[in-house]
Amino acid sequence: MEKTFNPSAIEKACYRHWESEGMFRPSGKGTPYCILLPPPNVTGSLHMGHAFQHTIMDALIRYHRMQGDNTLWQCGTDHAGIATQMVVERQLNADGLTRHDLGREKFVERVWEWKEHSGGTITRQMRRLGTSPDWDREVFTMDENLSAAVQEVFIQLYDEGLIYRGQRLVNWDPALLTAVSDLEVINEEENGHMWHLRYPIEGSDEQLIVATTRPETMLGDAAVAVHPEDERYQHLIGKNVMLPIVDRLIPIIADDYVDPEFGTGCVKITPAHDFNDYDMGKRHDLPMINILTKDAKINSNAPGELQGLDRFDARRRVVEMFQSLELLVEIKPHKLKVPRGDRSGVVIEPFLTDQWYVAIESLAKPAIQAVENGEVRFVPENWNKTYYQWMRNIQDWCISRQLWWGHRIPAWYDNDGNVYVGSDESSVRQKYHLDSAIVLMQDEDVLDTWFSSALWPFATMGWPEKTEELAAFVPSSVLVTGFDIIFFWVARMIMMTKKFTGEIPFRDIYITGLIRDEHGDKMSKSKGNVLDPIDLIDGIELEALVSKRTSGMMQPQLAEKVEKNTRKQFPNGISAYGTDALRFTFTALASTSRDINFDMQRVEGYRNFCNKIWNAARFVLMNCEGQDTGNVIKSEGENGFPSKDNDADLELSIFDRWIWSRFNNMLQQLQEHIKDYRFDLVAQVVYEFTWNQYCDWYLELSKPVLNSDASTDRQKRGTRHTLINVFEELTRVLHPFMPFITEEVWKKLQPLSVYQESNDSIMLASYPQISVEREDADAEAQIEWVKNFIVGVRNIRGEMDISPSKKLPVLLRNASQKDMLILGDTSAFLLTLAKLESINVLKDEQAPACASALLGEMEILIPMAGLIDTEAELARLNKNASKLEKDIQRVAGKLSNENFTSKAPAHVIDKEREKLYQAEQQLGKVKQQIEKIERL
RNA sequence: GGACGCAUAGCUCAGUUGGGAGAGCACCGCCCUUACAAGGCGGGGGUCGCAAGUUCAAGCCUUGCUGCGUCCACCA
């Protein structure tokens, strides 16, 4: 093996092997376990958020696969209607063309070409990440069978009256020329103005002053409203105002929607261009006067000179006209929420059009119940509040989009505008008994992308056919996703799956945090802080990184700053950390926090962890390859742990039993944490065991056995046996989180281990199980003693600046029988690990001047002669003494408090007493030692 | 306006029914010891945002406050 772990040398071949051997397919045996991949945009590329979530999903999938479950990771990609269409339109624009130049059919062909061309990027990147979905079952939301499911659902909902078509005010995107749903509108506060306009009253000298943030909409005013009890305006209710510029009489109405305190207490009502006004218009039977064209220019319902003006130009013009008519009262600066399209970024217009809607309320009810009664569980649980809040106030869902890329709405119209819904024209004719003489035209619109995504849990399983997969994998086990799509996707899947299968779509919803940069800022192209997961795996040169970050920017003026920051942050580019380090980083960052700050230094740390594993493997192999590892007893022990009465072939030392006990304990904790989706804690316990227990202690403890002539063959076999088998199991424990390095290492270790079930791949091996037999409290206590002994000596050595190579003599004073027993078993180890020349137990004789450490009540003494500075040792002892004094003060205070002793539970009091006793004993020893040294 | 979240070491974060403040990185010192210098050993560092309350005991529970953030709704 190489001296340093080199991920790029192994990852690709390893993955090819897994995939070509079909290892990602469900086994068909065991309990079904299924995760649905949130389908990424087919033409997209993998960003940090994907990489994070995919890592979590893959860890769960690999874990359950190794547990023997019938495991399916259902993957696929989304056609992403608006996003994808925009990309292709932009390409056309670059050639001076629009989609209309091509026509619908050609344009859609062109999008399919683009999908074929760039559609593989994200799935290729997922492979680089080592993910193990069943690629054979990969689906695209516009595949035939998916499209059929979409049609089926649409038709069924329509036939039940749950989908309807109607003219309403919708969120209209004037750039994309389509309706969008409420969720696709981002409301952000911007600086604007409030215009106060004077409206003259018919047959009176009086005037009303209305306040508006959108003066141009006055062209569509249908009324002016005041509060019914507003005394200022009582006498005017029922009169008319003469709308300036358009010279139209409109009524003054009373409606308690109006807040008399706000502005002037008079509101101009524009039912065709404002959601609240629309409702009021309905209540008062006002005309809906649309003044805009689809691209938000003033239409022919306005006076001629304004027609054709863009809405913002019209705004300026209208204000000027009011001014010249002397009807402009004032203009105040005003902060207001401006609705913008999440894709286009342009200001959304409330616009009166015919659209298709899902009547959502009856679907929402069972979906709310499913969470209320615990069938569906959010993790962390708090997210159910967010879910309830939205679901309980849910509005009908506008599902039609005026786009060309997507599922065409399966509805046909005759010349009279009658609607017929069915899967195709001929079935429509049959269904509605339509003569062939009647001309039918299909609806031009397509469905909201999320309509098909909502069917993902069952449409991917073959619905409406009654397939085996449908039976096995609905409901799926857990959905791993971000809170940003709880409404867009999660809620809608619950509603649709409940409706069409009667089942819940998934049992758990694990809501992950959002990946941000190391300072908590959102990663964005314009900030120039975007990291590409593939760059962290493969590394990237500085120049390439700079050009990547500065190319294709929406605001090129920011490029200079981005370049500067990039050069500062990554003067040497980014090094290649490999997939496993990246994955382990994501695992370790997956706490319950909703924002996750991605720190490059963590990746570096976990790259080092990979290297640690690699080198530990080298050590194990060096000592076990070609050696007797005691595997002969494999049939008589459980899980590679020899039964205690079987000592025919090897002898397990106390260290061996200790590391097995710790391993078992680690595994126990890990399994709990996985159950709780606490991957940060999973990473922590497995890292701690691997590095701080196995490598730092066990490997070091194995050396004296393996290198000493004094150890018997049985002892050496026992150590090798433990060395190899703990590590072999450890690689299996680590595999779901670090698939590549564990595969590579395991292939070398496994032949030397007792585990023989599968030698094709670690990913098909079974996951290690907790074993009560391995628990060994006695061994743990004794090794704790050994560790403390060694640490005590090291502490003196470290603080006294004694060279690590200098062998020290050690004297023990006040050793108990128990101390002597452990000492007898372990002195060889103490000598090696603490670098000792000798250990002598003092009986009654006087000790020379010594530096000391305490192990319980036993004193570990190191003669100072020529080695240790008196002052330094005094300082060290005083530091210890003051620490002990502080402890004693606190504990004694507690114990002398009668309230504490009378009210606290007995075991807590006992613990405190014991603590006090120990500390007092130790302090006494330390003080004696101080006196002694002071006398020198 | 409503809902939710966060505040613990220089940085990024753990801290499970309340009972001796932790990790990684960074920092300081010593060491190229035959798995690993991407390493080993040792060390320094925190009024747990502020205030009050409950309790024998609060980082943890309650209330209020401050600061930051997210989502939903929205007054023209």
Side-chain angles (χ1 to χ4, degrees), chain A residues 1 3-5 182 187 194 210-214 217 225 257-259 261-270 274-277 334 336-337 380 382-383 385-386 388-390 393 483-484 486-487 514 518-520 575 577 581 588-589 591-602 604-623 672-673 676 678 680-681 683-684 687-688 692 695-696 699-700 703 707 790-791 794-805 835 887 890-891 894 897-905 907-909 911-912 915 919:
Chain A
M1 282 172 84
K3 197 173 169 185
T4 311
F5 173 53
D182 298 343
N187 290 295
M194 179 81 86
V210 298
T212 180
T213 54
R214 304 195 48 196
T217 61
Y257 159 77
V258 179
D259 177 1
E261 307 291 316
F262 189 89
T264 59
C266 296
V267 189
K268 56 186 275 313
I269 304 301
T270 322
D274 181 280
F275 288 101
N276 289 311
D277 293 7
H334 182 74
L336 73 162
K337 292 279 171 110
N382 256 94
W383 288 108
K385 291 190 178 159
T386 307
Y388 290 142
Q389 205 196 344
W390 190 71
N393 299 296
F483 55 80
D484 48 335
I486 289 179
F487 307 144
L514 235 48
E518 71 273 24
H519 303 113
S575 31
Y577 295 110
L589 289 176
S591 68
T592 56
S593 168
R594 39 172 88 172
D595 294 311
I596 291 166
N597 297 356
F598 190 88
D599 189 347
M600 289 289 294
Q601 290 184 313
R602 293 289 288 263
E604 195 173 325
Y606 294 126
R607 186 271 316 263
N608 295 353
F609 182 49
C610 291
N611 201 42
K612 192 77 181 174
I613 293 170
W614 186 257
N615 279 296
R618 287 179 58 221
F619 176 83
V620 172
L621 286 172
M622 239 174 249
N623 285 286
E672 278 304 307
H673 295 322
D676 298 338
R678 285 300 304 272
D680 57 329
L681 301 179
Q684 196 181 304
Y687 180 98
E688 202 275 340
N692 303 122
C695 290
D696 284 352
L699 287 193
E700 295 306 323
K703 287 174 186 175
N707 298 337
I790 294 165
V791 168
R794 280 177 182 170
N795 184 287
I796 294 170
R797 192 192 286 275
E799 292 203 33
M800 294 302 118
D801 275 353
I802 300 169
S803 157
S805 54
K835 287 256 157 74
D887 285 352
R890 190 170 37 77
V891 178
K894 223 173 186 180
N897 181 348
E898 204 194 317
N899 280 325
F900 174 72
T901 48
S902 62
K903 291 184 181 167
H907 73 273
V908 173
I909 297 171
K911 212 168 127 192
E912 294 295 314
K915 219 187 289 176

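Values in this document were obtained by computation on a predicted structure and should not be read as measured data. A note on names: the letters A, B, ... follow the listed sequences, proteins ahead of strands, and every chain is numbered from 1. Worth knowing before you read on, the calculation uses all heavy atoms, side chains too, and leaves out hydrogens, waters and symmetry mates.
Whole-Å rounding puts the Asn615(A) CG to U34(B) C1' distance at 13 Å. When the C1' atom of U54(B) is taken as reference, atom NZ of Lys903(A) falls 12 Å away, rounded to whole Å. The CD atom of Glu912(A) sits 7 Å away from the C1' atom of G20(B) (whole-angstrom rounding). Between the CG atom of Asp801(A) and the C1' atom of C28(B) there is a distance of 12 Å, given to the nearest Å. Taking atom NE2 of His907(A) as the reference point, atom C1' of G18(B) lies 11 Å away to the nearest angstrom. Look at NZ on Lys612(A): it is 11 Å from P on C25(B), rounded to the nearest Å.
At distances below 3.5 Å, not a single donor-acceptor pair connects side-chain atoms of Arg678(A) with backbone N or O atoms of Ser591(A).
Base pairing annotation: G29(B) forms a Watson-Crick or G-U wobble pair with C41(B), both donor-acceptor distances under 3.5 Å. Across all strands shown, the partner of A51(B) is U63(B), judged by Watson-Crick or G-U wobble contacts whose two distances both fall under 3.5 Å.
Here the side chain of Asn897(A) is nearest to one of C36(B), C56(B), G42(B), namely C56(B). Residue Leu699(A) places its side chain closer to A35(B) than to any other of A35(B), A38(B), U70(B). Comparing atom distances between the Val258(A) side chain and each of G20(B), C36(B), A76(B) picks out A76(B) as nearest. Taking only side-chain atoms of Pro804(A), from C-beta outward, the nucleotide of U33(B), G43(B), A35(B) with the closest atom is U33(B). With A35(B), G42(B), A38(B) as the choices, the nucleotide that has an atom nearest any side-chain atom of Phe619(A) turns out to be A35(B).
RNA chain B is contacted by both Tyr687(A) and Lys835(A); Tyr687(A) maps to the nucleotide lying nearer its 5′ end (nearest heavy atom per residue).
When the side-chain nitrogen and oxygen atoms of Asn795(A) are compared with OP1 and OP2 of C41(B), none of them lie within a distance under 4.0 Å. Listed pair His673(A) / U16(B) fails the phosphate criterion, with no side-chain N or O lying under 4.0 Å from OP1 or OP2.
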Assign a letter to each nucleotide of nucleotides 3-14 of chain B from its 5' end: B, base within under 4.0 Å of a protein heavy atom; S, sugar-phosphate only; -, no contact.
SBS------BSS
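In this structure, Trp390(A) and Phe487(A) have parallel ring planes: the angle between them is below the 30° cut-off, well short of the 60° mark. Under the 30°/60° scheme for interplanar angles, the aromatic rings of Trp614(A) and Phe5(A) are found to be tilted.
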